[in-house]
Amino acid sequence: MRFVAKQPKEGINVSGTHPLVEAGALIAGLSAIFVIIALVLIFMVELALYFVSTEDEARLFSDWLPMDLITVAPDDEKLYQIQLLVDRLSQHWPDSLYEFRVEIDDSEVANAIALPGGLIVVTEGLLDQVESENELAFVLSHELGHFKNRDHLRALGRGIVLSMFFAVVTGNDVTGIGLTAADVTLKGFSRRQETAADEFGLYVVNEEFGHVDESWRLFERWNIDDGSLITLVTYLSTHPKTEDRIVDMKRYAELQGWRMEGQLTPLNW
Ligand SMILES: [Zn+2]
């Protein structure tokens with residue numbers, strides 16, 4: 001029998017599916033893979049937290065500063081006063097292994113962040129709005145609560161692994177990643193982490209002043225001025241809704257039997 005070579009049918013290499021549908025499936029598949037990798041990385045961070053002791057953290061980050069901070073002069077009067085206040089407040093957490101450091105970021109956007117190594121950053125925008133030492137003490141003590149629960153480290157780990165992963169995916173140079181405060185804080189902490197930090201914050205404030213008056217005053221003021229205070233966007237996007245937060249804080253203080261009214265201390269600047 002003679003072999004007769006047949007022409008293949010037209011379109012043998014062309015799929016019957018619409019190209020857009022195929023592209024969609026490819027993108028969906030790739031995205032799913034990326035999401036899974038990101039979740040695995042986040043899980044590994046949780047795991048790594050068991051192995052990184054607070055001593056290691058405090059040592060590794062003892063003089064670290066995020067790249068995007070614009071710090072005020074080291075002899076700034078407010079900086080000095082806030083450092084003194086943090087030193088006083090941290091005495092109510094006697095087994096803490098941190099030496100807390102304060103930096104003021106010269107930004108109009110109100111924010112306060114807990115960063116690795118015991119670094120607390122508050123912005124000028126926040127300080128402009130604080131009207132008593134008691135208000136400021138609560139904001140700082142709340143940040144101490146994040147250190148106590150190691151929330152800041154969890155956020156840091158996620159910030160690092162996710163920005164490295166993103167760099168790999170986009171083909172950027174991984175070694176070029178400078179860690180910024182924004183990377184570290186990502187989208188803020190969960191509501192549960194925030195509530196725990198509020199509760200510890202109230203505890204510290206009560207130990208310091210013998211009452212918790214004005215702890216929520218800043219949030220009350222923000223609540224009323226909500227619409228006009230656009231400078232608050234950052235703090236509010238990383239923290240719970242102020243109404244809920246005030247209610248929860250007052251309820252907790254009441255349950256603990258802490259005095260909710262007391263002598264207020266003015267700021268010394
Ligand atoms: Zn917080």
Side-chain angles (χ1 to χ4, degrees), residues 49 53-59 61-62 77-104 111-123 126-127 129-155 189 191-220 235 238-240 245-269:
L49 279 183
S53 67
T54 304
E55 288 98 320
D56 290 339
E57 179 212 332
R59 189 166 38 79
F61 290 94
S62 61
E77 180 58 22
K78 281 187 202 172
L79 182 63
Y80 175 72
Q81 295 292 343
I82 300 169
Q83 182 69 56
L84 285 183
L85 182 56
V86 167
D87 293 344
R88 267 163 57 205
L89 295 169
S90 61
Q91 283 174 18
H92 305 297
W93 176 16
D95 35 340
S96 155
L97 297 164
Y98 295 102
E99 278 206 34
F100 292 103
R101 288 185 292 147
V102 176
E103 286 291 350
I104 299 177
N111 208 1
I113 339 168
L115 292 168
L119 174 63
I120 299 175
V121 174
V122 287
T123 61
L126 183 106
L127 298 177
Q129 294 175 34
V130 168
E131 287 178 8
S132 71
E133 191 180 76
N134 305 67
E135 282 179 34
L136 181 59
F138 175 75
V139 171
L140 298 170
S141 303
H142 169 96
E143 298 306 322
L144 294 183
H146 282 312
F147 287 106
K148 191 157 197 293
N149 302 322
R150 305 197 89 193
D151 299 330
H152 66 298
L153 219 57
R154 194 163 279 124
F189 303 128
R191 181 65 211 265
R192 196 156 46 85
Q193 289 172 310
E194 289 303 336
T195 304
D198 276 348
E199 292 177 357
F200 184 71
L202 285 170
Y203 163 81
V204 169
V205 165
N206 186 60
E207 289 289 302
E208 177 63 26
F209 299 103
H211 63 82
V212 293
D213 201 0
E214 297 281 286
S215 288
W216 37 77
R217 184 72 193 96
L218 191 62
F219 310 128
E220 282 175 343
Y235 193 88
T238 56
H239 285 84
R245 202 171 168 189
I246 297 165
V247 171
D248 289 352
M249 283 168 70
K250 288 186 176 172
R251 192 185 297 138
Y252 185 74
E254 217 172 337
L255 263 171
Q256 299 296 319
W258 293 331
R259 281 171 56 215
M260 298 186 20
E261 270 161 38
Q263 175 83 43
L264 299 176
T265 316
L267 291 163
N268 330 338
W269 63 68

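The structure displayed is predicted, hence computed values, not measured ones.
Residue G118 comes nearest to F147 through the heavy atom pair CA-CE2, 3.4 Å, listed as atom of the first residue, atom of the second, then distance. For G262 against R259, the heavy-atom pair with the smallest separation is CA-NH2, 3.8 Å.
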_Applying side chain to side chain contact (heavy atoms under 4.5 Å, CB included) to V247 and W216, what does each step give before you reach the verdict?_
CA-CA 9 Å; V247 171; W216 37 77; over 6 Å; no
*Between N134 and T265, is a side chain to side chain contact (heavy atoms under 4.5 Å, CB included) present by the stated rule, with each step listed?*
CA-CA 6 Å; N134 305 67; T265 316; 3.8 Å; yes
*Show your reasoning for whether side chain to side chain contact (heavy atoms under 4.5 Å, CB included) applies to I113 and I120.*
CA-CA 6 Å; I113 339 168; I120 299 175; over 6 Å; no
*Could you walk me through whether L218 and V130 pass the side chain to side chain contact (heavy atoms under 4.5 Å, CB included) check?*
CA-CA 7 Å; L218 191 62; V130 168; 4.2 Å; yes
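Applying the salt bridge (charged side-chain N to carboxylate O under 4.0 Å, His left out) test to pairs two or more places apart or on separate chains, those with a residue in residues 247-257 are R191-D248, E220-K250, D248-R251.
Separating the CZ atom in F138 from the NE2 atom in H142 is a distance of 6.5 Å, to the nearest 0.5 Å. Summarising the geometry, atom CG belonging to L85 is positioned 9.0 Å from atom CG belonging to L267; distances are rounded to the nearest 0.5 Å.
Take K148 and apply the salt bridge (charged side-chain N to carboxylate O under 4.0 Å, His left out) test, not counting sequence neighbours, and it matches no residue. Residues meeting the side-chain contact (heavy atoms from CB on, under 4.5 Å) test with S62, sequence neighbours left out: none. Applying the side-chain hydrogen bond (donor to acceptor under 3.5 Å, both in side chains) criterion to Y98, with sequence neighbours excluded, gives E57, H152. Scored by the side-chain hydrogen bond (donor to acceptor under 3.5 Å, both in side chains) test, E135 finds R221 as partners (sequence neighbours excluded). Not a single salt bridge (charged side-chain N to carboxylate O under 4.0 Å, His left out) links E199 to another residue, sequence neighbours left out. With sequence neighbours left out, Y252 forms a ring pair (Phe, Tyr, Trp, His ring centres under 6.0 Å) with W258. In this view, D87 satisfies the salt bridge (charged side-chain N to carboxylate O under 4.0 Å, His left out) rule with no residue, not counting sequence neighbours. Remark: L97 engages T54, E55 in a side-chain contact (heavy atoms from CB on, under 4.5 Å) (not counting sequence neighbours). Considering only residues two or more places apart in sequence or on other chains, N268 meets the side-chain contact (heavy atoms from CB on, under 4.5 Å) condition with Q81. The salt bridge (charged side-chain N to carboxylate O under 4.0 Å, His left out) test applied to R88 returns E133, E208, not counting sequence neighbours. Taking S141 as the reference, L89, V204, V205 meet the side-chain contact (heavy atoms from CB on, under 4.5 Å) condition, with sequence neighbours excluded.
R245 has a carboxylate O that lies under 4.0 Å from a charged side-chain N of D198, or vice versa, which qualifies the two as a salt bridge.
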